[in-house]
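Sequential numbering from 1 along the given sequence is applied to the chain's residues.
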Amino acid sequence: MKAVNRVVGTLVGLGAGIGLAHLTVGHTAWVLVVIVTSMSLGFYLVNVSYACMIFFVTIMVSQLYSVLHEFSAGLLLLRLEETALGAAIGIAVAYFILPTSTRDTVESARRAYFRALADLLDRAAPTGADGTGLDALARSLDHRLQQLTLVARPLTRPMTWGVNSRLVRHRLTLYAATTRQARALVRSGFPVPPELTDACTALSRVATALAEVTPRPDHPVPGVTQALTTAGTTLLTHRPHCPGTPLPPVTQPLVHLRQLLTELAMLPPAPVPPLPAGRPTISPR
């Protein structure tokens, strides 16, 4: 896709570059204006459309050739031919020599994300460690989220063949919400109360299971349902019974993490343990 965008951007930019080069020839001030404007727009649009960036880069190169008195339509056509040849070679290598699909890359990043989440929850559990290193684990989880978002970006575009782009965008939103709740768990203070240890450990087991097996609506990941039930039962059993009694700071992040992991595991919505009246809940999204 990137190779195609490069060729398209070069082709369209070639026409615009030739036209602007004839208009600005002999006018150094206008040449500088076009160069600076093209650079600015190219870098501004790089995250929106790679083809747009190449379009403006081609216009900028045309103006530079004009300033150096090397401009010719044949030179720009040669640039287009070289770009198309490079794109064709890149596509051939990707398909026949190093065939790594986007789906495989996304799956690898997904597994790495859940392993990082499991490590954080393991460390947060009182029985797992003394709580040191949680900030580093939270940063590692952020990094894994960024990697997952980056490699999954091609699958978020509408009309991608064989992919439900809307579902991919929704699941990326769930991953981002999960990361926010994991950070909230770290910021809530340590340690996790002993009575909530089972919930934290059970959620860690869920993350580990999701790192090992890809969830599907018709094939639940083994062990996930039982672990989520354990986490829900623990959170429900140890909630305050008297109105106005403050919750432990870690309770709400754990409740939201359970909800989010339930949806990421593609299970039916699980009942949410009720929180005491008078305390607002925080949406996980």
Worked check of side chain to side chain contact (heavy atoms under 4.5 Å, CB included) between Glu263 and His170: CA-CA 11 Å; Glu263 192 163 355; His170 174 64; 2.8 Å; yes
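- Within the 3.5 Å criterion, the main-chain N or O of Leu264 finds a donor-acceptor partner in the side chain of Arg171.
- Counting only distance, with no hydrogens or angles, the side chain of Arg205 and the backbone of Ala227 share no donor-acceptor pair below 3.5 Å.
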Between Leu203 and Leu228, is the side chain to side chain contact (heavy atoms under 4.5 Å, CB included) condition met? List the steps. CA-CA 7 Å; Leu203 293 177; Leu228 288 170; 4.2 Å; yes
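- Residues Phe56 and Tyr44 place their aromatic rings such that the two centres sit no closer than 6.0 Å.
- Residue Val168 is grouped with residue Val151 when hydrophobic side chains (ILVMFWY) are merged at heavy-atom distances under 4.5 angstrom, including chains of intermediate members.
- The side-chain heavy atoms of Leu148 and Arg144, taken from C-beta on, include no pair separated by under 4.5 Å.
- Taken from CG in Leu23 to CD in Gln63, the straight-line distance is 9.0 Å, to the nearest 0.5 Å.
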Give the C-alpha distance, both sets of side-chain angles, the deciding distance and a yes or no for salt bridge (Lys or Arg N to Asp or Glu O under 4.0 Å) between Arg79 and Glu82. CA-CA 5 Å; Arg79 173 180 170 82; Glu82 291 175 343; over 6 Å; no
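- For the pair Leu121/Leu185, a side-chain contact is recorded, criterion being any heavy-atom separation below 4.5 Å from C-beta on.
- Within the 3.5 Å criterion, the main-chain N or O of Asp104 finds no donor-acceptor partner in the side chain of Ser108.
- Note that CG of Leu64 is 12.0 Å distant from CD of Glu70, once rounded to the nearest 0.5 Å.
- Smallest separation of non-hydrogen atoms from Val224 and Ala209: CG2-CB, 3.7 Å.
- Side-chain atoms of Leu137 and Arg123, non-hydrogen and from C-beta on, do get closer than 4.5 Å to each other.
- Smallest separation of non-hydrogen atoms from Ser188 and Val250: OG-CG1, 3.1 Å.
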Salt bridge (Lys or Arg N to Asp or Glu O under 4.0 Å) evaluation trace for Arg103 with Glu107: CA-CA 6 Å; Arg103 291 179 180 85; Glu107 177 63 15; over 6 Å; no
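- A chain of hydrophobic side-chain contacts below 4.5 Å, direct or via other Ile, Leu, Val, Met, Phe, Trp or Tyr residues, connects Val61 to Leu75.
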Go through the steps to decide whether Thr179 and Tyr113 satisfy the test side chain to side chain donor-acceptor pair (under 3.5 Å), and finish with yes or no. CA-CA 10 Å; Thr179 304; Tyr113 174 85; 2.8 Å; yes
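- With rounding to the nearest 0.5 Å, the separation of CG in Asn164 from CZ in Arg169 is 8.5 Å.
- Looking at every heavy atom in both residues, Ala84 comes nearest to Val7 through CA-CG2, 3.8 Å.
- Residue Glu195 qualifies as enclosed at atom CD: its count of foreign heavy atoms under 6.0 Å is above 12.
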Go through the steps to decide whether Gln147 and His143 satisfy the test side chain to side chain donor-acceptor pair (under 3.5 Å), and finish with yes or no. CA-CA 6 Å; Gln147 287 184 321; His143 177 64; 3.3 Å; yes
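- Counting heavy atoms from C-beta outward, Asn5 and Ile54 have side chains that stay 4.5 Å or more apart.
- Here the closest non-hydrogen pair linking Leu134 and Ala124 is CD2-N, 3.9 Å.
- Pairing each heavy atom of Ala152 with each of Val106, the nearest pair is CA-CG2, 3.7 Å.
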Using side chain to side chain contact (heavy atoms under 4.5 Å, CB included), reason through Arg111 and Thr214 one step at a time and then give a plain yes or no. CA-CA 8 Å; Arg111 292 174 183 266; Thr214 303; 3.7 Å; yes
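- Linking ILVMFWY residues whenever their side-chain heavy atoms come closer than 4.5 Å, directly or via other members, leaves Leu257 and Met266 in distinct clusters.
- Residues Ile59 and Gly17 share a closest heavy-atom pair of CG1-N, 4.1 Å.
- With rounding to the nearest 0.5 Å, the separation of CG in Leu141 from CZ in Arg183 is 8.0 Å.
- In this structure, Leu77 is a member of the same hydrophobic cluster as Ile18, with clusters built from ILVMFWY side-chain heavy atoms closer than 4.5 Å.
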Derivation and outcome, ring-ring contact (aromatic ring centres under 6.0 Å, His included), residues Phe55 and Tyr50: CA-CA 9 Å; Phe55 169 77; Tyr50 185 70; over 10 Å; no
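- Side-chain contact between Pro215 and Leu210 is present, with at least one heavy-atom pair separated by less than 4.5 Å.
- Between the OG1 atom of Thr24 and the CD1 atom of Ile35 there is a distance of 8.5 Å, given to the nearest 0.5 Å.
- Following chains of ILVMFWY side-chain contacts shorter than 4.5 Å, one can reach Val34 starting from Leu41, so the two form part of one hydrophobic cluster.
- Rounding to the nearest 0.5 Å gives a distance of 4.0 Å between CG of Leu260 and OG1 of Thr178.
- Looking only at distances, no side-chain donor or acceptor of Ser66 sits under 3.5 Å from a matching main-chain atom of Ser62.
- Under the side-chain contact (heavy atoms from CB on, under 4.5 Å) rule, Leu196 has a single partner from Thr251, Thr201, Thr237, which is Thr251.
- Checked by atom type and distance alone, the side chain of Ser140 never pairs as donor or acceptor with a backbone atom of Ala136 at under 3.5 Å.
- Annotation: side chain of Leu254 is not in contact with side chain of Arg258 (no heavy-atom distance under 4.5 Å).
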Show the numbers, then the answer: is there a side chain to side chain contact (heavy atoms under 4.5 Å, CB included) between Tyr65 and Leu76? CA-CA 9 Å; Tyr65 283 150; Leu76 291 181; 4.0 Å; yes
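- At least one side-chain heavy atom of Phe114 sits under 4.5 Å from a side-chain heavy atom of Leu261.
- Within the 4.5 Å cutoff, the side chain of Thr230 has heavy atoms near those of the Thr234 side chain.
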